[in-house]
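Structure record follows, encoded as structure tokens.
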Amino acid sequence: MIRGIAKGVASTEIAELLAPYGGDPERIALPRDRRTRRRKGIAYVFVPSPHAARAAIDALNNATLQEKQITLELADERPPKKPRRFNGPPRRF
């Protein structure tokens, strides 16, 4: 996970930054706020091995990208999604 990303950073720039560490350009996520649709300032990048991820963190943590300092850390595993229940419209009592 990368924190502190500027608003104008494209996924291609992140891919170039992490290419030496095996970052997969097809697996970069730049999440947006659901309500405002603005980027949250973080990115998730898939790196194939824990060793490569640790090397990227050691080399790029506190680096500067488009005049903003970025921090890298290992992201937690995503918990499994809970199934949704659709029983019709909500009841009013």
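A quick note: this is a predicted structure, and the numbers were derived from the prediction, not measured.
Counting heavy-atom neighbours within 6.0 Å of D76 CG, excluding the residue itself, gives a total of 12 or less. Within 6.0 Å of CZ in R32 there are more than 12 heavy atoms belonging to other residues, nucleotides or ligands.
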Taking it one step at a time, do V45 and L17 satisfy side-chain contact (heavy atoms from CB on, under 4.5 Å)? CA-CA 11 Å; V45 182; L17 186 67; over 6 Å; no

For L74 and R54: C-alpha separation, side-chain torsions, deciding distance, then whether side-chain contact (heavy atoms from CB on, under 4.5 Å) applies. CA-CA 8 Å; L74 290 176; R54 178 55 55 195; 3.7 Å; yes

Might you work through the side-chain contact (heavy atoms from CB on, under 4.5 Å) test for I70 and T64, ending with a clear yes or no? CA-CA 6 Å; I70 58 172; T64 303; over 6 Å; no

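Minimum heavy-atom separation, A53 to V47: N-CG1, 3.6 Å. Minimum interatomic distance between G22 and P48 (heavy atoms only, all atoms of both residues): O-CD, 3.0 Å. Contact between P31 and A43 at its shortest, heavy atoms only, is CD-CA, 4.4 Å. Across Q66 and A6, no two heavy atoms sit closer than the pair OE1-CB, 3.9 Å. In plain terms, the two heavy atoms of Y21 and A52 that are nearest each other are O-CB, 3.3 Å.
Atom CG of N62 and atom CD1 of I57 lie 11.5 Å apart (nearest 0.5 Å). Atom CZ in R39 sits 13.5 Å away from atom CG in D33 (nearest 0.5 Å). In this structure, I2 CD1 and L72 CG are separated by 4.5 Å, a value rounded to the nearest 0.5 Å. Atoms CD and CD1, from Q69 and I5 in turn, are 13.0 Å apart once rounded to the nearest 0.5 Å. Atom NZ of K40 and atom CZ of R38 lie 14.0 Å apart (nearest 0.5 Å). Atom OG of S11 sits about 9.0 Å away from atom CD of E26, to the nearest 0.5 Å.
Counting only distance, with no hydrogens or angles, the side chain of E13 and the backbone of A10 share a donor-acceptor pair below 3.5 Å.
No continuous path of hydrophobic side-chain contacts links I42 to L18 [ILVMFWY only; heavy atoms under 4.5 Å]. The same ILVMFWY cluster, assembled from side-chain heavy atoms under 4.5 Å apart, contains both V9 and L30. Side-chain heavy atoms closer than 4.5 Å link hydrophobic residues (I, L, V, M, F, W, Y) into clusters, and following such links, even through other members, never connects F46 to I28.
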